[in-house]
Amino acid sequence: MSLGWATIPVSLFVLMTAVAVVPLIELTTARRNARWAVDRGGIEYGQRHYPVMIVLHVCLLAGTVGEIALTGRAFVPLIGWPALTLLILVQAGRAWCMRALGPRWNTRVIVVPGLLPTTGPYRWIRHPNYLIVLFEGIALPLVHTAWITAMLFTVANTPWLVVRIRTENAALWPAVGPAAQGSS
């Protein structure tokens, strides 16, 4: 697909369209779940960092397309197929997280008192969705060897993931104290 000044491979256009649908589904689900949580006394935490996370994820999508369009990088099977496999696995992992949390799942930190996550991947790890975000930010750009975007997104997103994890820990396990707030 030619933009006049750059060319985007059709496979990238299809992939990015599919990947862009996921956040739309997530945001629709999150709005519905937010209403559910608020109706049950849910309290929102970390509102100030939420817009930054949205911008970072938009930059991941735009950066991936931009880097590939501007550099003309091609699909390299040795990198692209494993990255695509990882991307599919993280999407399945995200669906597992959403299913395990049910109406408690949200893109925001909205906690209904007394409802701690204990099923699905949450039996083994407190924040599996953020591990998924980390791997997604690496895998998505690498499908078409956009390694600069993968690196920049990971470096930019990591501090915000730390903030987000600390926010969730403080909201979900306040009685545990500061020691737990730094763990993930």
> Got a second to check how far I138's CD1 is from L140's CG, nearest 0.5 Å?
Replying inline: 11.5 Å
> If Ile, Leu, Val, Met, Phe, Trp and Tyr residues are connected whenever their side-chain heavy atoms lie under 4.5 Å apart, and connections chain through other members, are V22 and V90 in the same group?
Replying inline: no
> What's the shortest heavy-atom distance between A100 and P121, and which atoms?
Replying inline: CB-CD, 4.0 Å
> Without hydrogens or angle criteria, can the side chains of E168 and Y130 be said to hold a donor-acceptor pair below 3.5 Å?
Replying inline: yes
>> Is the shortest side-chain heavy-atom distance between R164 and H127 below 4.5 Å?
In response: no
> How close do Y122 and C97 get, heavy atom to heavy atom, and via which atoms?
Replying inline: OH-CB, 3.6 Å
>> With rounding to the nearest 0.5 angstrom, report the CG to CG distance, L61 to L15.
In response: 9.5 Å
> Could you give the distance from OG1 (T119) to CZ (R99), rounded to the nearest 0.5 Å?
Replying inline: 10.0 Å
> Under the ring-ring contact (aromatic ring centres under 6.0 Å, His included) test, which residues partner W147, sequence neighbours left out?
Replying inline: none
>> Do L86 and L142 have side chains that approach each other closer than 4.5 Å (heavy atoms only, starting at C-beta)?
In response: no
>> A side-chain contact here means heavy atoms from C-beta on lying under 4.5 Å apart; do V55 and C59 qualify?
In response: yes
> How far does OG1 of T118 sit from CG of L101, to the nearest 0.5 angstrom?
Replying inline: 9.5 Å
>> As an exercise, state the distance from OG1 of T154 to CZ of F135, rounded to the nearest 0.5 Å.
In response: 10.0 Å
> With no hydrogens and no angle check, is any side-chain donor or acceptor of E67 less than 3.5 Å from a backbone partner on T149?
Replying inline: yes
> Just wondering, do R126 and W173 contact through their side chains at under 4.5 Å, heavy atoms?
Replying inline: yes
>> Tell me the closest heavy-atom pair linking T145 and V76, and the distance in Å.
In response: CG2-CG2, 3.6 Å
> Is the side chain of N33 donor-acceptor paired with the backbone N or O of N106 at a distance under 3.5 Å, no angle test?
Replying inline: no
>> Just by distance, no angles: are the side chains of E26 and T107 close enough, under 3.5 Å, to form a donor-acceptor pair?
In response: no
>> Per the ring-ring contact (aromatic ring centres under 6.0 Å, His included) rule, what does the pair list look like for residues 48-78, sequence neighbours excluded?
In response: H57-F153, F75-W81, F75-H144
> Which heavy atom in A156 sits nearest to a heavy atom in P159, and how many Å separate them?
Replying inline: O-CD, 3.4 Å
>> Tell me if the CZ atom of R123 is crowded by more than 12 foreign heavy atoms within 6.0 Å.
In response: yes
> At their closest point, which heavy atom of R94 faces which heavy atom of Q91, and how far apart are they?
Replying inline: NH1-OE1, 3.1 Å
>> Using side-chain heavy atoms (C-beta onward) and a distance below 4.5 Å, is L116 in contact with V111?
In response: no
> Can you tell me if CG on L78 sees more than 12 non-hydrogen neighbours from other groups inside 6.0 Å?
Replying inline: no
>> Please give me the minimum heavy-atom distance between I110 and A34, naming the atom from each residue.
In response: CD1-CB, 3.6 Å
> Do V52 and L134 sit in the same hydrophobic cluster, where Ile, Leu, Val, Met, Phe, Trp and Tyr count as joined when their side-chain heavy atoms come under 4.5 Å apart?
Replying inline: yes
>> Under 4.5 Å between side-chain heavy atoms, counting indirect links through other Ile/Leu/Val/Met/Phe/Trp/Tyr residues: same cluster for L89 and L131 or not?
In response: no
>> Using the rule that Ile, Leu, Val, Met, Phe, Trp and Tyr join whenever any side-chain heavy atoms are under 4.5 Å apart, tell me whether L84 and V65 fall into a single cluster.
In response: yes
> Shared ILVMFWY cluster between L60 and L87, side chains joined below 4.5 angstrom?
Replying inline: yes
> Who pairs with W36 by side chain to side chain contact (heavy atoms under 4.5 Å, CB included), at least two apart in sequence or on another chain?
Replying inline: R40, P103, R104, V112, L115
